[in-house]
Amino acid sequence: MSWHGDDGVSRSPAVWVDDEDLARDLTVALAEEHLRQRVEATGLGAFALARRLRALRDELDVLLLELVHDSADDEPLVALRDRSGDAARTLVFEGEGAGLEVELADDQVEGQLIPAGPGHVALEGPDGPLLDVTTDEVGYFHLEVRPHGPVRLVCTTDAGACATRWITW
Amino acid sequence: MRTLRAGRGTIRLVTPRPPHETGPAPRPPDGPDPASTRAAGVDVGVLVAAALAGDEDAWAEIVRRHTGLVMSRIRPFRLTPQQAEDVAQTVWLNLVEHLGSLRDPQALPGWIATTTRHEALRVATAGRRAIPVDPATGDLDRADKDGEDGEAGLAAALLREERHRALRAGLAELPEHQRRLLLLLSTDPSPSYQEVSERLGIPVGSIGPTRQRGLDRLRRTGALRAYVAATSATTVGAGGRDVLAWG
(Lines give C-alpha, C1' and ligand atoms only; values in the text may rest on other atoms or scores of the structure.)
Protein backbone atom coordinates (compact mmCIF):
# COMPACT_ATOMS: atom_id res chain seq x y z
CA MET A 1 0.00 0.00 0.00
CA SER A 2 1.35 3.34 -0.99
CA TRP A 3 1.47 4.95 2.41
CA HIS A 4 1.37 1.98 4.66
CA GLY A 5 4.74 2.65 6.15
CA ASP A 6 6.15 5.68 7.82
CA ASP A 7 6.12 8.51 5.38
CA GLY A 8 8.89 11.00 5.34
CA VAL A 9 7.43 14.40 5.97
CA SER A 10 9.01 15.80 2.87
CA ARG A 11 6.94 13.58 0.63
CA SER A 12 3.49 15.01 0.90
CA PRO A 13 0.81 12.36 1.13
CA ALA A 14 -1.83 15.04 0.80
CA VAL A 15 -2.88 14.21 -2.71
CA TRP A 16 -3.95 10.77 -3.77
CA VAL A 17 -2.54 10.27 -7.23
CA ASP A 18 -5.49 8.29 -8.51
CA ASP A 19 -8.65 6.59 -7.38
CA GLU A 20 -6.83 3.40 -6.50
CA ASP A 21 -4.50 5.27 -4.18
CA LEU A 22 -7.43 6.96 -2.55
CA ALA A 23 -9.37 3.71 -2.19
CA ARG A 24 -6.37 1.88 -0.69
CA ASP A 25 -5.74 4.63 1.79
CA LEU A 26 -9.40 4.64 2.75
CA THR A 27 -9.24 0.89 3.38
CA VAL A 28 -6.27 1.34 5.70
CA ALA A 29 -7.90 4.27 7.47
CA LEU A 30 -11.02 2.25 8.20
CA ALA A 31 -9.18 -0.92 9.15
CA GLU A 32 -6.96 0.82 11.66
CA GLU A 33 -9.62 2.87 13.34
CA HIS A 34 -10.78 0.09 15.64
CA LEU A 35 -7.28 -0.75 16.86
CA ARG A 36 -6.43 2.92 17.20
CA GLN A 37 -9.40 3.41 19.50
CA ARG A 38 -8.34 0.46 21.63
CA VAL A 39 -4.75 1.66 21.82
CA GLU A 40 -5.95 5.09 22.89
CA ALA A 41 -8.34 3.56 25.42
CA THR A 42 -5.57 1.56 27.09
CA GLY A 43 -3.57 4.77 27.27
CA LEU A 44 -6.38 6.76 28.84
CA GLY A 45 -6.89 3.98 31.38
CA ALA A 46 -3.22 3.59 32.27
CA PHE A 47 -3.11 6.67 34.46
CA ALA A 48 -5.87 5.58 36.83
CA LEU A 49 -4.54 2.04 36.74
CA ALA A 50 -1.08 3.04 37.83
CA ARG A 51 -2.53 5.19 40.56
CA ARG A 52 -4.69 2.38 41.88
CA LEU A 53 -1.80 -0.09 41.90
CA ARG A 54 0.32 2.42 43.73
CA ALA A 55 -2.41 2.95 46.30
CA LEU A 56 -2.57 -0.83 46.85
CA ARG A 57 1.00 -0.66 48.03
CA ASP A 58 0.19 1.86 50.72
CA GLU A 59 2.44 4.53 49.26
CA LEU A 60 5.35 2.22 49.88
CA ASP A 61 8.60 3.54 48.56
CA VAL A 62 9.04 1.21 45.62
CA LEU A 63 12.23 1.04 43.62
CA LEU A 64 11.60 0.67 39.92
CA LEU A 65 13.80 -1.94 38.27
CA GLU A 66 14.70 -1.38 34.66
CA LEU A 67 15.05 -4.16 32.15
CA VAL A 68 18.78 -4.47 31.44
CA HIS A 69 18.82 -7.76 29.57
CA ASP A 70 16.28 -9.67 27.55
CA SER A 71 17.21 -12.88 25.78
CA ALA A 72 14.56 -12.02 23.19
CA ASP A 73 16.91 -9.24 22.09
CA ASP A 74 19.84 -11.59 21.61
CA GLU A 75 18.51 -13.99 19.08
CA PRO A 76 19.80 -13.43 15.61
CA LEU A 77 17.03 -12.56 13.26
CA VAL A 78 17.01 -14.85 10.32
CA ALA A 79 14.61 -14.96 7.45
CA LEU A 80 11.16 -16.25 8.30
CA ARG A 81 12.12 -17.98 11.44
CA ASP A 82 9.35 -20.01 12.96
CA ARG A 83 10.58 -21.06 16.31
CA SER A 84 9.16 -24.08 18.01
CA GLY A 85 9.99 -25.76 21.26
CA ASP A 86 9.74 -24.33 24.74
CA ALA A 87 12.78 -22.14 24.98
CA ALA A 88 12.48 -19.92 28.02
CA ARG A 89 12.99 -16.19 27.89
CA THR A 90 15.47 -14.77 30.35
CA LEU A 91 15.07 -11.28 31.74
CA VAL A 92 17.33 -9.34 34.04
CA PHE A 93 16.03 -6.30 35.90
CA GLU A 94 18.22 -3.94 37.86
CA GLY A 95 17.82 -0.94 40.06
CA GLU A 96 19.91 0.75 42.68
CA GLY A 97 21.36 -2.05 44.75
CA ALA A 98 18.66 -4.52 43.82
CA GLY A 99 17.87 -6.81 40.96
CA LEU A 100 15.91 -9.73 39.74
CA GLU A 101 16.58 -12.48 37.24
CA VAL A 102 13.64 -14.34 35.80
CA GLU A 103 13.02 -17.06 33.31
CA LEU A 104 9.68 -17.03 31.59
CA ALA A 105 8.34 -20.23 30.11
CA ASP A 106 4.89 -20.79 28.73
CA ASP A 107 3.28 -21.67 32.00
CA GLN A 108 5.73 -20.76 34.71
CA VAL A 109 8.09 -18.13 36.02
CA GLU A 110 11.29 -18.99 37.83
CA GLY A 111 13.28 -16.26 39.44
CA GLN A 112 16.03 -15.18 41.73
CA LEU A 113 16.22 -12.10 43.88
CA ILE A 114 19.48 -10.16 43.88
CA PRO A 115 21.11 -9.95 46.34
CA ALA A 116 20.23 -13.48 47.38
CA GLY A 117 17.94 -13.49 50.39
CA PRO A 118 14.42 -14.33 51.40
CA GLY A 119 11.51 -12.22 50.28
CA HIS A 120 8.08 -12.09 48.83
CA VAL A 121 7.26 -11.88 45.12
CA ALA A 122 3.95 -10.96 43.51
CA LEU A 123 3.04 -11.09 39.85
CA GLU A 124 0.91 -8.10 38.99
CA GLY A 125 -1.31 -7.41 36.00
CA PRO A 126 -3.06 -4.16 35.09
CA ASP A 127 -6.02 -5.19 37.22
CA GLY A 128 -3.97 -5.97 40.29
CA PRO A 129 -1.96 -8.84 41.82
CA LEU A 130 -2.39 -12.13 39.99
CA LEU A 131 -0.65 -14.35 42.49
CA ASP A 132 2.22 -14.25 44.94
CA VAL A 133 4.78 -16.50 46.55
CA THR A 134 7.36 -16.50 49.31
CA THR A 135 10.88 -17.19 48.09
CA ASP A 136 13.18 -19.75 49.67
CA GLU A 137 15.95 -18.59 51.97
CA VAL A 138 18.24 -17.62 49.10
CA GLY A 139 15.63 -15.73 47.12
CA TYR A 140 14.62 -18.34 44.57
CA PHE A 141 10.97 -18.48 43.57
CA HIS A 142 8.71 -20.34 41.22
CA LEU A 143 5.28 -19.33 40.01
CA GLU A 144 2.97 -21.58 38.04
CA VAL A 145 1.10 -19.18 35.88
CA ARG A 146 0.10 -18.45 32.33
CA PRO A 147 -0.87 -14.82 32.10
CA HIS A 148 -1.08 -12.69 29.01
CA GLY A 149 -0.74 -9.01 28.44
CA PRO A 150 1.26 -6.55 30.54
CA VAL A 151 2.71 -7.96 33.75
CA ARG A 152 5.32 -6.97 36.29
CA LEU A 153 6.87 -8.51 39.38
CA VAL A 154 6.76 -6.75 42.71
CA CYS A 155 9.27 -7.93 45.31
CA THR A 156 9.44 -7.21 49.00
CA THR A 157 12.45 -8.00 51.14
CA ASP A 158 13.88 -6.73 54.41
CA ALA A 159 15.72 -4.13 52.37
CA GLY A 160 12.57 -2.67 50.85
CA ALA A 161 10.24 -3.09 47.91
CA CYS A 162 10.94 -3.04 44.23
CA ALA A 163 8.93 -3.48 41.07
CA THR A 164 10.04 -4.36 37.57
CA ARG A 165 9.01 -2.27 34.65
CA TRP A 166 6.03 -3.66 32.76
CA ILE A 167 6.65 -6.27 30.13
CA THR A 168 4.27 -7.83 27.64
CA TRP A 169 3.82 -11.52 28.22
CA MET B 1 17.31 10.09 26.22
CA ARG B 2 16.91 6.97 28.26
CA THR B 3 16.77 3.74 26.43
CA LEU B 4 15.73 0.41 27.83
CA ARG B 5 19.24 -0.91 27.96
CA ALA B 6 20.84 2.18 29.30
CA GLY B 7 18.11 2.76 31.80
CA ARG B 8 19.79 1.77 35.00
CA GLY B 9 18.76 4.80 36.95
CA THR B 10 16.32 4.51 39.73
CA ILE B 11 12.88 5.88 39.85
CA ARG B 12 11.11 6.22 43.12
CA LEU B 13 7.44 5.66 42.76
CA VAL B 14 6.45 8.03 45.46
CA THR B 15 3.55 10.40 45.23
CA PRO B 16 3.39 13.26 45.30
CA ARG B 17 6.78 14.06 43.91
CA PRO B 18 8.59 17.14 45.07
CA PRO B 19 8.46 19.76 42.33
CA HIS B 20 12.24 20.02 42.10
CA GLU B 21 12.37 16.46 40.78
CA THR B 22 9.97 17.09 38.00
CA GLY B 23 11.28 20.15 36.30
CA PRO B 24 8.75 22.93 36.12
CA ALA B 25 6.52 23.19 39.12
CA PRO B 26 3.20 21.54 38.46
CA ARG B 27 0.68 24.07 37.33
CA PRO B 28 2.01 27.30 38.76
CA PRO B 29 -0.56 29.88 39.89
CA ASP B 30 -0.38 31.71 36.58
CA GLY B 31 -0.25 28.49 34.59
CA PRO B 32 -2.98 26.92 32.52
CA ASP B 33 -6.03 25.47 34.19
CA PRO B 34 -6.63 21.75 33.62
CA ALA B 35 -9.27 22.25 30.94
CA SER B 36 -6.87 24.15 28.73
CA THR B 37 -4.53 21.17 28.53
CA ARG B 38 -6.92 19.75 25.96
CA ALA B 39 -5.96 22.49 23.59
CA ALA B 40 -3.72 21.28 20.81
CA GLY B 41 -1.16 24.02 21.30
CA VAL B 42 -0.22 23.31 24.89
CA ASP B 43 3.45 22.54 25.28
CA VAL B 44 4.24 18.95 26.11
CA GLY B 45 6.33 20.08 29.08
CA VAL B 46 3.28 21.71 30.58
CA LEU B 47 1.29 18.54 29.98
CA VAL B 48 3.94 16.36 31.62
CA ALA B 49 4.16 18.62 34.66
CA ALA B 50 0.38 18.70 35.00
CA ALA B 51 0.10 14.91 34.61
CA LEU B 52 2.73 14.45 37.31
CA ALA B 53 0.67 16.67 39.57
CA GLY B 54 -2.23 14.29 39.05
CA ASP B 55 -4.08 16.01 36.21
CA GLU B 56 -5.76 13.20 34.31
CA ASP B 57 -6.84 15.51 31.47
CA ALA B 58 -3.22 16.38 30.81
CA TRP B 59 -2.36 12.70 30.70
CA ALA B 60 -5.24 12.09 28.28
CA GLU B 61 -3.90 14.78 25.99
CA ILE B 62 -0.43 13.20 26.09
CA VAL B 63 -2.01 9.89 25.10
CA ARG B 64 -4.08 11.39 22.28
CA ARG B 65 -1.07 13.16 20.84
CA HIS B 66 1.04 10.03 20.79
CA THR B 67 -1.43 7.29 19.91
CA GLY B 68 -0.54 7.67 16.23
CA LEU B 69 3.14 7.32 17.07
CA VAL B 70 2.54 4.16 19.10
CA MET B 71 0.47 2.73 16.24
CA SER B 72 3.14 3.57 13.71
CA ARG B 73 5.82 1.76 15.72
CA ILE B 74 3.70 -1.35 16.29
CA ARG B 75 2.40 -1.58 12.73
CA PRO B 76 5.51 -2.99 10.98
CA PHE B 77 5.59 -6.04 13.26
CA ARG B 78 2.23 -7.30 12.08
CA LEU B 79 1.11 -8.34 15.52
CA THR B 80 -2.38 -9.60 16.16
CA PRO B 81 -4.78 -6.90 17.37
CA GLN B 82 -4.63 -8.39 20.87
CA GLN B 83 -0.83 -8.37 20.89
CA ALA B 84 -0.80 -4.83 19.57
CA GLU B 85 -3.14 -3.72 22.30
CA ASP B 86 -1.04 -5.48 24.96
CA VAL B 87 2.14 -3.83 23.69
CA ALA B 88 0.43 -0.43 23.76
CA GLN B 89 -0.80 -0.95 27.28
CA THR B 90 2.67 -1.98 28.42
CA VAL B 91 4.10 1.18 26.86
CA TRP B 92 1.52 3.45 28.46
CA LEU B 93 1.92 1.86 31.90
CA ASN B 94 5.69 2.26 31.71
CA LEU B 95 5.25 5.82 30.51
CA VAL B 96 3.13 6.76 33.52
CA GLU B 97 6.00 5.73 35.75
CA HIS B 98 8.66 7.16 33.51
CA LEU B 99 7.18 10.65 33.36
CA GLY B 100 8.81 11.76 36.58
CA SER B 101 12.30 10.87 35.42
CA LEU B 102 11.93 12.50 32.04
CA ARG B 103 14.50 15.27 32.21
CA ASP B 104 13.48 16.89 28.96
CA PRO B 105 9.81 16.64 27.98
CA GLN B 106 10.81 17.17 24.35
CA ALA B 107 12.38 13.71 24.53
CA LEU B 108 8.95 12.17 25.12
CA PRO B 109 8.18 11.22 21.49
CA GLY B 110 11.58 9.59 21.17
CA TRP B 111 11.11 7.64 24.38
CA ILE B 112 7.67 6.45 23.30
CA ALA B 113 8.86 5.48 19.83
CA THR B 114 11.88 3.54 21.08
CA THR B 115 10.02 1.82 23.90
CA THR B 116 7.15 0.81 21.66
CA ARG B 117 9.40 -0.56 18.96
CA HIS B 118 11.43 -2.61 21.43
CA GLU B 119 8.33 -3.94 23.11
CA ALA B 120 6.71 -4.87 19.80
CA LEU B 121 9.93 -6.53 18.66
CA ARG B 122 10.07 -8.58 21.84
CA VAL B 123 6.51 -9.76 21.45
CA ALA B 124 7.13 -10.59 17.81
CA THR B 125 10.34 -12.46 18.67
CA ALA B 126 9.25 -14.18 21.85
CA GLY B 127 6.08 -15.49 20.30
CA ARG B 128 6.20 -18.24 17.77
CA ARG B 129 5.57 -16.07 14.83
CA ALA B 130 7.25 -15.84 11.52
CA ILE B 131 8.79 -12.40 11.30
CA PRO B 132 8.93 -10.74 7.92
CA VAL B 133 12.52 -10.08 6.99
CA ASP B 134 13.88 -8.28 3.99
CA PRO B 135 15.76 -11.09 2.19
CA ALA B 136 18.19 -8.64 0.58
CA THR B 137 19.49 -7.06 3.75
CA GLY B 138 18.42 -9.48 6.46
CA ASP B 139 16.75 -6.54 8.14
CA LEU B 140 13.48 -6.84 9.82
CA ASP B 141 11.06 -5.56 7.24
CA ARG B 142 11.01 -1.86 8.03
CA ALA B 143 10.54 -2.75 11.62
CA ASP B 144 13.69 -2.10 13.51
CA LYS B 145 15.25 0.81 11.77
CA ASP B 146 16.50 3.65 13.83
CA GLY B 147 16.42 7.25 13.00
CA GLU B 148 12.74 8.04 12.89
CA ASP B 149 12.10 8.22 16.56
CA GLY B 150 12.55 11.92 16.88
CA GLU B 151 10.48 14.79 15.66
CA ALA B 152 10.40 13.64 12.06
CA GLY B 153 8.97 10.28 13.07
CA LEU B 154 6.35 11.91 15.22
CA ALA B 155 5.45 14.39 12.50
CA ALA B 156 5.05 11.61 9.95
CA ALA B 157 2.89 9.58 12.32
CA LEU B 158 0.71 12.57 13.09
CA LEU B 159 0.34 13.47 9.44
CA ARG B 160 -0.75 9.95 8.62
CA GLU B 161 -3.20 9.99 11.51
CA GLU B 162 -4.54 13.34 10.35
CA ARG B 163 -4.99 12.07 6.80
CA HIS B 164 -6.86 8.99 7.94
CA ARG B 165 -9.05 11.03 10.22
CA ALA B 166 -9.90 13.26 7.26
CA LEU B 167 -10.72 10.22 5.13
CA ARG B 168 -13.11 8.86 7.73
CA ALA B 169 -14.72 12.25 8.21
CA GLY B 170 -15.01 12.69 4.45
CA LEU B 171 -16.65 9.31 4.10
CA ALA B 172 -19.25 10.33 6.66
CA GLU B 173 -20.14 13.32 4.48
CA LEU B 174 -21.09 11.19 1.47
CA PRO B 175 -24.66 10.32 0.53
CA GLU B 176 -25.78 7.01 2.00
CA HIS B 177 -25.56 4.91 -1.19
CA GLN B 178 -21.99 6.00 -1.96
CA ARG B 179 -20.89 5.70 1.65
CA ARG B 180 -22.24 2.16 2.00
CA LEU B 181 -20.62 1.06 -1.24
CA LEU B 182 -17.21 2.51 -0.37
CA LEU B 183 -17.39 1.03 3.12
CA LEU B 184 -18.15 -2.39 1.73
CA LEU B 185 -15.44 -2.19 -0.91
CA SER B 186 -12.96 -1.08 1.74
CA THR B 187 -13.18 -4.27 3.72
CA ASP B 188 -10.12 -6.47 3.46
CA PRO B 189 -10.27 -8.69 1.49
CA SER B 190 -12.67 -6.74 -0.63
CA PRO B 191 -15.79 -8.57 -1.75
CA SER B 192 -16.50 -9.39 -5.38
CA TYR B 193 -18.85 -7.13 -7.31
CA GLN B 194 -21.29 -10.05 -7.34
CA GLU B 195 -21.32 -10.15 -3.52
CA VAL B 196 -21.61 -6.37 -3.36
CA SER B 197 -24.51 -6.49 -5.77
CA GLU B 198 -26.31 -9.02 -3.58
CA ARG B 199 -25.65 -7.26 -0.31
CA LEU B 200 -26.57 -3.78 -1.44
CA GLY B 201 -29.24 -4.76 -3.94
CA ILE B 202 -27.72 -2.82 -6.83
CA PRO B 203 -26.84 -4.02 -10.33
CA VAL B 204 -23.25 -5.21 -10.85
CA GLY B 205 -22.94 -2.77 -13.75
CA SER B 206 -23.58 0.24 -11.53
CA ILE B 207 -20.93 -0.59 -8.94
CA GLY B 208 -17.91 0.68 -10.87
CA PRO B 209 -19.48 4.03 -11.83
CA THR B 210 -20.98 4.55 -8.36
CA ARG B 211 -17.60 3.81 -6.78
CA GLN B 212 -15.89 6.30 -9.06
CA ARG B 213 -18.46 9.00 -8.38
CA GLY B 214 -18.13 8.25 -4.66
CA LEU B 215 -14.35 8.60 -4.73
CA ASP B 216 -14.62 11.82 -6.75
CA ARG B 217 -17.07 13.18 -4.28
CA LEU B 218 -14.90 12.02 -1.37
CA ARG B 219 -12.07 14.16 -2.70
CA ARG B 220 -14.38 17.15 -2.76
CA THR B 221 -15.78 16.73 0.75
CA GLY B 222 -15.11 19.48 3.22
CA ALA B 223 -12.96 17.19 5.34
CA LEU B 224 -10.59 16.21 2.54
CA ARG B 225 -10.39 19.66 1.02
CA ALA B 226 -9.52 21.11 4.41
CA TYR B 227 -6.88 18.44 4.92
CA VAL B 228 -5.31 18.91 1.49
CA ALA B 229 -5.33 22.69 1.87
CA ALA B 230 -3.70 22.55 5.29
CA THR B 231 -1.10 20.00 4.25
CA SER B 232 -0.23 21.61 0.94
CA ALA B 233 0.24 24.94 2.62
CA THR B 234 2.89 23.50 4.91
CA THR B 235 4.65 21.05 2.65
CA VAL B 236 4.49 22.39 -0.88
CA GLY B 237 5.05 26.09 -0.55
CA ALA B 238 8.80 26.23 -0.17
CA GLY B 239 9.92 24.45 -3.33
CA GLY B 240 7.04 25.77 -5.37
CA ARG B 241 6.56 22.32 -6.81
CA ASP B 242 3.22 20.90 -7.61
CA VAL B 243 2.45 18.27 -5.06
CA LEU B 244 0.66 16.23 -7.72
CA ALA B 245 3.98 15.60 -9.40
CA TRP B 246 5.37 13.86 -6.35
CA GLY B 247 3.26 10.78 -6.88
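Values in this document were obtained by computation on a predicted structure and should not be read as measured data. Sequence lines set the chain letters: A, B, ... in the order given, protein chains first and strands last, and positions in each chain run from 1.
With a 4.5 Å cut-off on non-hydrogen atoms, B:Ile62 does not touch chain A at all. In this structure, no portion of B:Glu162 lies under 4.5 Å from any heavy atom of chain A. Contact annotation for B:Val70: only side-chain heavy atoms (C-beta onward) come within less than 4.5 Å of a heavy atom of chain A. Both the backbone and the side chain of A:Leu26 have a heavy atom closer than 4.5 Å to some heavy atom of chain B. Heavy-atom distances place no part of A:Ala41 under 4.5 Å from chain B, backbone and side chain included.
Inter-residue side-chain proximity for B:Thr115 and A:Arg165 is flagged as met; some heavy-atom pair is nearer than 4.5 Å. Here the side chains of A:Thr168 and B:Arg122 are not in contact, with every heavy-atom distance at 4.5 Å or above. The side-chain heavy atoms of A:Val62 and B:Glu97, taken from C-beta on, include no pair separated by under 4.5 Å. Contact annotation: the side chain of A:Leu22 approaches that of B:Leu224 to within less than 4.5 Å [non-hydrogen atoms, C-beta and beyond]. Contact check for A:Leu49 versus B:Gln89: side-chain heavy atoms found under the 4.5 Å cut-off.
No donor-acceptor distance shorter than 3.5 angstrom exists from the side chain of B:Trp92 to the backbone of A:Glu40, with no hydrogens or angles considered. In this structure, the side chain of B:Trp59 does not engage the main chain of A:Gly45 through any donor-acceptor pair within 3.5 Å.
Between A:Trp16 and B:Tyr227, the angle of the ring planes lies from 30° to 60°, which puts this pair in the tilted group.
Taking both residues in full, the closest heavy atoms of B:Gly54 and A:Arg51 are given as O-NH1, 3.6 Å, listed atom of the first, atom of the second, then distance. Taking every heavy atom of both residues into account, B:Met71 and A:Glu32 meet most closely at CE-O, 3.9 Å. When every heavy atom of A:Ala23 is checked against every heavy atom of B:Arg211, the shortest pair comes out as CB-NH2, 3.4 Å. Nearest heavy-atom pair across A:Trp166 and B:Glu119 is O-OE1, 4.4 Å. Here the closest heavy-atom approach between residue B:Ser186 and residue A:Thr27 is recorded as O-CG2, 3.0 Å. Minimum interatomic distance between A:Phe47 and B:Ala51 (heavy atoms only, all atoms of both residues): CZ-O, 3.3 Å.
Among B:Asn94, B:Leu215, B:Leu167, the residue making the largest number of heavy-atom pairs under 4.5 Å with chain A is B:Asn94. With respect to chain A, the highest number of heavy-atom pairs below 4.5 Å among B:Asp86, B:Ile74, B:Leu95 belongs to B:Asp86.
When the shell of 6.0 Å around CZ of B:Arg225 is examined, it contains 12 or fewer heavy atoms from other residues, nucleotides or ligands. Crowding of A:His148 atom NE2: a count of heavy atoms from other residues, nucleotides or ligands under 6.0 Å not exceeding 12.
B:Arg219 has a carboxylate O that lies under 4.0 Å from a charged side-chain N of A:Asp19, or vice versa, which qualifies the two as a salt bridge.
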